[in-house]
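To start, the structure itself, in structure tokens.
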Amino acid sequence: MNVVNRGFLGRRDPERVELPPGQYLTRDFPVLQAGPTPSVPLDQWRFTVRAETGAEWAWTWPQLLALPRERPTVDIHCVTRWSKLATTWEGVSLDTLFAEVETVADYALVRSHGGYTTNLPLADLLDGQAWIAFGYDGEELAPAHGGPARLLVPHLYFWKSAKWVSGIDLHHDDEPGFWESLGYHEYGDPWREQRYTDD
Amino acid sequence: MTEPAVRVRWLVGTVHSVRSETATARSIVLDVPGWPGHLAGQHVDLRLTAPDGYQAVRSYSLAAPADGQRVELTVQLIEDGEVSPYLVDVVLPTEQVELRGPVGGWFSWDPDRPGPVLLVAGGSGIVPLMAMVRARAAAASTAPFTLVYSVRGPAQRYYAEELDRVDGLDLRMVHTREAGPNGRPPGRIGPADLDVALGARVYVCGPTGFVDAAIALLLAAGHDAADIRSERFGGQP
């Protein structure tokens with residue numbers, strides 16, 4: 001059945017920017033999270049990668065900041081339908097961190113302070129596609145947006161870019177994270193509009 | 001944690017009735033054949049199609065618990081919005097819109113939970129919390145419920161008459177600008193408004209600044225972060 005809403009005209013984007021299907025442009029930076037903002041003291045901050053073998057690699061805050069930095073400018077797409085274009089970040093590429101890590105695992109489960117998790121294939125974190133970001137728009141990353149540091153993996157819906165990131169567990173099998181257990185898509189490609197489990 | 005309950009098929013809903021809540025907000029009751037049911041607190045994706053085929057989708061909180069194929073939303077007009085002006089000012093009974101859902105499952109309350117609940121609403125953040133209040137009544141639950149509801153003044157209250165009549169609900173209106181009938185001086189939400197026994201499951205919904213302020217007060221009062229679930233709208237630079 002075709003529903004037509006007479007009297008609904010819609011507001012076409014005058015700039016005709018190409019967005020993923022079902023997204024609209026925002027200039028705001030909406031904040032979405034499931035609970036309180038955790039506070040993470042920098043002297044206790046660690047980023048830990050745990051391989052499928054049990055081996056661990058960990059970085060303290062000063063060790064992270066001592067690594068080579070990148071300044072990606074990327075578009076971000078939230079599953080709640082806003083997209084924000086040309087956002088500027090500062091952080092360390094996951095390629096830099098994973099240069100030390102020995103693994104043959106295919107999947108990553110990302111962990112955050114506060115208990116949040118999200119899953120994605122390890123391949124999506126490598127090859128210049130993902131960063132541990134601690135700067136946004138020329139400033140320190142604000143706690144509301146995931147500071148001191150968050151994952152940035154902008155080619156997937158933004159719930160995959162875990163705020164307050166604390167580490168990554170590597171697994172042979174894909175294990176659903178927080179939203180992925182609540183009906184959201186395992187992979188979450190905005191250009192294929194993979195919002196919910198069976199999309 | 002609840003099982004995933006997302007349905008991906010678009011369903012056609014027919015507007016059964018509309019009701020003005022305030023000068024800029026309207027409740028819309030729809031009949032949606034095939035609706036799979038939902039938990040209080042979940043939302044729905046709503047799709048409009050213009051005569052030339054252009055479509056826009058937005059998410060709205062469900063304002064009432066599942067009642068067969070009947071679904072209720074409350075929509076706040078956003079002045080420069082794309083979809084809300086149509087829903088608040090244009091759509092009428094017998095017209096159709098497309099829906100899919102329910103969506104979400106974290107910010108939800110199950111009437112089988114017997115424990116105390118604190119609901120904290122800022123402005124139109126009342127909508128999913130009203131679904132919880134109504135679900136409690138519909139299930140004849142005796143879970144202790146406190147609702148702290150912050151609005152600018154009495155004219156901004158949604159569900160005003162109904163809320164005054166809910167049995168066993170500890171309703172605490174917070175009027176930030178204009179005093180209401182309860183004698184509380186106008187002002188922002190404060191520790192006294194949120195004073196309940198620790199251990200309650202807490203749901204906070206509203207604009208980002210309101211949610212952050214309420215959560216800060218709750219944590220300062222000793223509530224466990226793990227007991228607090230939030231849903232927010234709007235941005236922060």
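Naming: A, B, ... by sequence-line order, numbering from 1 per chain. FYI, side chains are in, hydrogens and waters are out, and symmetry mates aren't considered; it's all heavy atoms of this structure.
Under a cut-off of 6.0 angstrom, the local environment of CZ in B/R19 is crowded, with over 12 non-hydrogen atoms contributed by other residues, nucleotides or ligands. For A/L32, the CG atom is densely surrounded, since the number of other residues' heavy atoms within 6.0 Å is greater than 12. Heavy atoms of other residues, nucleotides or ligands lying less than 6.0 angstrom from CD of A/Q63 number more than 12.
Using a 4.0 Å cut-off between charged nitrogen and carboxylate oxygen, A/R81 and B/D45 count as a salt-bridge pair. Classification of A/D198 and B/R9 as a salt-bridged pair fails, no side-chain N sitting under 4.0 Å from a carboxylate O.
Contact of B/V97 with chain A is made through backbone and side chain together, with heavy-atom distances under 4.5 Å. Neither the backbone nor the side chain of A/E139 comes within contact range of chain B; no heavy atom of the residue lies under 4.5 Å from a heavy atom of that chain. Heavy atoms of B/I215 lying under 4.5 Å from chain A belong exclusively to its side chain. Only the side chain of B/L219 comes within less than 4.5 Å of a heavy atom of chain A; its backbone N, CA, C and O stay farther away. Proximity to chain B (any heavy atom under 4.5 Å) is shown, for A/W82, by neither the backbone nor the side chain.
Using cut-offs of 30° and 60° on the angle between ring planes, the pair B/Y54 and A/F8 is parallel.
Judged purely by atom type and a 3.5 angstrom limit, B/W106 uses its side chain to pair as donor or acceptor with the backbone of A/A34. A/N5 places no side-chain N or O within donor-acceptor distance of the main-chain N or O of B/A50, the cut-off being under 3.5 Å.
Residue with the most contacts toward chain A among B/G53, B/S59, B/A225, B/A216: B/A225 (heavy-atom pairs, distance under 4.5 Å). When the candidates B/D227, B/V57, B/L218, B/V90 are compared by the number of heavy-atom contacts under 4.5 Å with chain A, B/V57 comes out ahead. Ranked by heavy-atom pairs shorter than 4.5 Å toward chain A, the options B/V204, B/D80, B/V211, B/V83 are led by B/D80.
A pairwise comparison of heavy atoms in B/Q96 and A/V3 identifies O-CG1, 3.4 Å as the closest pair. Smallest separation of non-hydrogen atoms from A/P36 and B/I228: CD-O, 3.6 Å.
Under the 4.5 Å side-chain criterion, counting only non-hydrogen atoms from C-beta, A/R195 is in contact with B/R100. Using a 4.5 Å cut-off on side-chain heavy atoms (C-beta onward), A/Y184 and B/V103 make contact.
Figure legend: cation-pi geometry between B/R58 and A/Y24, with NZ or CZ positioned under 6.0 Å from the six-membered ring centre and within 45° of its axis.
With values rounded to the nearest 0.5 angstrom, A/R6 atom CZ is found 11.0 Å from B/T49 atom OG1.
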